[in-house]
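So you know, we letter chains A, B, ... as the sequences are listed, proteins then strands, and number each from 1.
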Protein chains: 2
Amino acid sequence: MNARQSLIQSAQELLWERGYVGMSPKAIQERAGAGQGSMYHHFKGKSDLAAEAIQQSADSFRDGADKWLGASGTPLERIRGYMLRSRQVLKGCQIGKLTQDPEIAANVDLRRPIDETFQWLQRRLSGVLAEGQQSGEISKNLNATEVAAALISVIQGGYVLASAAASPKPFHRAIRGVLSLLG
Amino acid sequence: MNARQSLIQSAQELLWERGYVGMSPKAIQERAGAGQGSMYHHFKGKSDLAAEAIQQSADSFRDGADKWLGASGTPLERIRGYMLRSRQVLKGCQIGKLTQDPEIAANVDLRRPIDETFQWLQRRLSGVLAEGQQSGEISKNLNATEVAAALISVIQGGYVLASAAASPKPFHRAIRGVLSLLG
DNA sequence: GTCTATAATCGGATAGAC
DNA sequence: GTCTATCCGATTATAGAC
């Protein structure tokens, strides 16, 4: 891997582990095995590198979700598959976690890829839910967009409960809870 | 207010705004109008002060929730009241947000008050749900503990979606979604 | 209890040599 | 493209005077 991509990958890992505020250029360089000169040659600075790292993380997040939501099976089966897929629960969401960082929330270049990813996921889930409403698997009384937002929120909030407890159990409990509501 | 409590309050605000990693002793002192000598007289250091601040925030979080869940009305009305109560959506959860900070997750003294608060809330919500199951307002096929975890997660995850969008709308959409599922 | 002085380390970069 | 040198402010304290 070249130095540029190695720096991006190190930044992705550190953003996930420490957030933007908690990630120093020095730590990125050490993890990537690159010097300061290299980093400041390839990127304007910390926020420029972070923007690229976040974009790549968002892209792979989307690919991962689409694999489950576009799988074979009935709409409800695909939703359940996505909700129940294995995750690194105690690490939190590589994308969602970043929204709670004050400097990411305040910088539109850092926030936009995250916003677009969640908008995409809401539309994608909402489409699958609507399919299920057509086929009669899911109640037509529900608003698909609202239920999609709730499903995404359960995952994101499940990470919060799991981190608080230092255990993945509350995460899985919450997923089971919302799936039982969905029927 | 005395210097000690003023320092605690400033730490509470900064933890909410910037997280533990992003909060410097200097910023706490400036906001509290106190000097370094004062802060290090009253507290052993940053983490000692943060532990006290988090404990007080957790206590008031619990009081706030209990007011809604212990209000008058049927169980389902009280759940809806709690879920729909007004919140500072774009600031995020004063308690839940902290779990995503790496140094809080890694320090049991900082994490414990948060864990205990969410455990309490889950039990409290679960109790109200069980009441509703007794009275026939809520389906007896549901597991009250799992549904309680899902409800809390929707709130916590709603904050994430709202921060990503820089808008409270996805938060309210998710709450409406899960309430429609609950019936 | 609070103040000021001091200090070692880190943070986030810039400059110029190679 | 990468390296080393340099910079200045911030971080997280400690020491001792008042």
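Going from atom CZ of B/R18 over to atom P of D/dT11 covers 8 Å, rounded to whole Å. Counting to the nearest Å, the P atom of D/dA10 and the NZ atom of B/K46 are 16 Å from each other. For the pair B/I28 CD1 and D/dT11 C1', the computed distance is 12 Å after rounding to whole Å. Spacing between atom CD of B/E30 and atom C1' of C/dT2 amounts to 17 Å, rounded to whole angstrom units. Between the NE2 atom of A/H42 and the C1' atom of C/dA13 there is a distance of 17 Å, rounded to whole Å. Rounded to whole Å, atom C1' of D/dA10 lies 12 Å from atom CD of B/Q29. Rounded to whole Å, atom C1' of D/dT2 lies 15 Å from atom CZ of A/F43. As a whole-Å value, the separation of A/D48 CG from C/dT14 P is 12 Å.
Along DNA chain C, the nucleotide closest to B/G33 and the one closest to A/G45 are compared, and the more 5′ of them pairs with B/G33. Mapping A/R4 and B/S47 onto DNA chain D by nearest heavy atom places A/R4 closer to the 5' end of the strand. Along DNA chain C, the nucleotide nearest to A/G37 and the one nearest to A/M23 differ in position, and the one closer to the 5' end is contacted by A/M23.
Contact annotation: B/K26 side-chain N/O to D/dT11 OP1/OP2 distance is not under 4.0 Å. Distances shorter than 4.0 Å separate none of the side-chain N or O atoms of B/H41 from OP1 or OP2 on C/dC3. OP1 or OP2 of C/dG11 has at least one side-chain nitrogen or oxygen of A/S24 nearer than 4.0 Å.
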Under 3.5 Å, sequence neighbours excluded: what are the donor-acceptor pairs made by side chains of residues 81-89 of chain A?
{"from": "A/R87", "atom 1": "NH1", "to": "A/Y82", "atom 2": "O", "distance (Å)": "3.4"}
{"from": "A/R87", "atom 1": "NH1", "to": "A/M83", "atom 2": "O", "distance (Å)": "3.0"}
{"from": "A/R87", "atom 1": "NH2", "to": "A/Y82", "atom 2": "O", "distance (Å)": "3.0"}

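Among C/dC3, D/dA5, D/dT2, the nucleotide with an atom closest to any side-chain atom of B/S38 is C/dC3. Checked against D/dT2, D/dA13, C/dT2, the side chain of B/Y40 finds its nearest nucleotide in D/dA13. Nearest nucleotide to the side chain of A/Q36, out of D/dA13, D/dT2, D/dA5: D/dA5.
Residue contacts shown for A/M39 are absent, as no nucleic acid heavy atom lies under 4.0 Å away.
For the residue pair B/Q119 and B/D115, a side-chain donor N or O sits within less than 3.5 Å of a side-chain acceptor on the partner.
No donor-acceptor pair closer than 3.5 Å links the side chain of B/S38 to the backbone N or O of B/G35.
Not counting sequence neighbours, A/Y20 has no partner by the ring pair (Phe, Tyr, Trp, His ring centres under 6.0 Å) test.
A/K91 places none of its side-chain heavy atoms less than 4.5 Å from the side chain of A/Y159.
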